[in-house]
Structures are given as C-alpha cells and as structure tokens.
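Just so it is clear, the structure is predicted and the values come from calculations on it, not from any experiment.
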Amino acid sequence: QVRLTEFGGGLVQAGGSLRLSCIGSGRTFAGKIMAWFRQTPGKEREFVARITQTANTVYAESVKGRFTISRDDSRDMLYLQMNNLKPDDTAFYYCASFYFGDNLDQPASYDSWGQGTQVTVSS
C-alpha cells in the first residue's frame, strides 16, 4: 500500500477554482494508476478522474472539461485542478492508488486511500 495525504480543499463560490494535491510516501507513485474520488454524506463514493503511469487520463462525465488530473512521480505528487466549480461538486475528495480489479472506476479496485479533503462550493 501507499500512504497518501490530500490537501487543498476549502470553501469557494460557484465558478471559482481550487487545486487539490495528494502526496504519497516512499516515491511510490511510479508504475501505479492514480485516481480521485469524492463522496457526500449518505451517498456512495464516486469516481472523478484517473491517470495512468503514462499520463493517460479518464474523467467522469460530470467533471469533464472542468477538472484536470496530473501527476509528478518524481515528487510523489498527484493533483486535481478544478475550474468552474459548481455546488454539485461539494464533497469530500480522496486520492487513491489502483490495487486490484477489472473496473478502474470502482472504489473497491483501489487501496491506500488518503484522509480526504473537504471541498464546499456555495451558490
């Protein structure tokens, strides 16, 4: 497993931007698919974006064109640039590394979850 820590969340007005960061331990991001998920109270954890070892990216339809996932393996860092934020983006955001499974959009396929960072978007 990879130990992960997220930061960069906060309160922002609709239309604003935030940049989330996730730092790993032991320079272990290299060779791993990394992803961002989010979760609101009473709902299941939702896939947001993922990035492969070679920087191929996939986004949930709800964030496509607004969010950008990127990585810097040399610094063991993962980022999520969030632009044009909407109230529906309000959630606790988590980063995670892929572990095992054939569905890369499901939380069950990932391990090494961070503690999360809260993003709140006001209308």
*asked:* By the disulfide bond (SG atoms under 2.5 Å apart) test, which pairs, at least two apart or in different chains, include something from residues 47-90?
replied: none
_Short side-chain to backbone donor-acceptor contact, Ser123 and Pro87, under 3.5 Å_ = no
Solution key, residues 8-20 side-chain donor-acceptor pairs under 3.5 Å, sequence neighbours excluded:
{"unit_1": "Ser17", "atom_1": "OG", "unit_2": "Asn83", "atom_2": "OD1", "d": "3.0"}

_Inter- and intrachain pairs under disulfide bond (SG atoms under 2.5 Å apart), touching residues 5-89, at least two apart_ = Cys22-Cys95
*Are Tyr59 and Val121 in one and the same hydrophobic cluster, where Ile, Leu, Val, Met, Phe, Trp and Tyr link if side-chain heavy atoms are under 4.5 Å apart?*
yes
*asked:* Measuring from atom CE of Met82 to atom CD1 of Ile69, what distance do you get when rounded to the nearest 0.5 angstrom?
replied: 12.0 Å
*Evaluate side chain to side chain contact (heavy atoms under 4.5 Å, CB included) for Asp73 paired with Lys32, printing each intermediate quantity in order.*
CA-CA 10 Å; Asp73 290 349; Lys32 293 182 172 62; over 6 Å; no
*From Gln81 CD over to Arg66 CZ, what is the distance, rounded to the nearest 0.5 angstrom?*
12.0 Å
_Could you check whether any side-chain heavy atom of Phe67 comes within less than 4.5 Å of a side-chain heavy atom of Leu85, counting everything from C-beta outward?_
yes
*When rounded to the nearest 0.5 angstrom, what is the spacing between CH2 in Trp36 and OH in Tyr94?*
12.0 Å
*Partner set under salt bridge (charged side-chain N to carboxylate O under 4.0 Å, His left out) for Asp88, not counting sequence neighbours*: none
_N/O donor-acceptor pair under 3.5 Å between Ser112 side chain and Ser97 backbone_ = no
Cut-off 3.5 Å, no hydrogens considered: what does the side-chain donor-acceptor table look like for residues 37-51, sequence neighbours left out?
{"unit_1": "Arg38", "atom_1": "NE", "unit_2": "Glu46", "atom_2": "OE1", "d": "3.0"}
{"unit_1": "Arg38", "atom_1": "NH1", "unit_2": "Asp89", "atom_2": "OD1", "d": "2.9"}
{"unit_1": "Arg38", "atom_1": "NH1", "unit_2": "Tyr93", "atom_2": "OH", "d": "2.9"}
{"unit_1": "Arg38", "atom_1": "NH2", "unit_2": "Ser62", "atom_2": "OG", "d": "3.4"}
{"unit_1": "Gln39", "atom_1": "OE1", "unit_2": "Arg45", "atom_2": "NE", "d": "3.1"}
{"unit_1": "Gln39", "atom_1": "OE1", "unit_2": "Arg45", "atom_2": "NH2", "d": "3.1"}
{"unit_1": "Gln39", "atom_1": "NE2", "unit_2": "Lys43", "atom_2": "O", "d": "3.0"}
{"unit_1": "Arg50", "atom_1": "NH1", "unit_2": "Asp105", "atom_2": "OD1", "d": "2.2"}

*Between the main-chain N or O of Thr52 and the side-chain N or O of Arg71, is there a donor-acceptor pair closer than 3.5 Å?*
yes
_Interatomic spacing from CG in Leu80 to CE in Met34 - rounded to 0.5 Å_ = 12.0 Å
_Where Leu104 and Tyr110 come nearest, the two heavy atoms and their spacing_ = O-OH, 2.7 Å
_Of all pairs that satisfy disulfide bond (SG atoms under 2.5 Å apart), the ones with a partner from residues 38-77, not counting sequence neighbours_ = none
*Test log, rule side-chain hydrogen bond (donor to acceptor under 3.5 Å, both in side chains), inputs Asp72 and Ser74*: CA-CA 5 Å; Asp72 184 348; Ser74 67; 2.6 Å; yes
*Starting from the C-alpha separation in whole Å, work towards a yes-or-no answer on side chain to side chain contact (heavy atoms under 4.5 Å, CB included) for Ser109 and Phe98.*
CA-CA 6 Å; Ser109 298; Phe98 179 77; 3.6 Å; yes
*asked:* Using a 6.0 Å cut-off, check whether atom CZ of Phe7 has over 12 heavy atoms from anything other than its own residue.
replied: yes
*Which heavy atom of Phe29 sits nearest a heavy atom of Met77, and at what distance?*
CE2-C, 3.4 Å
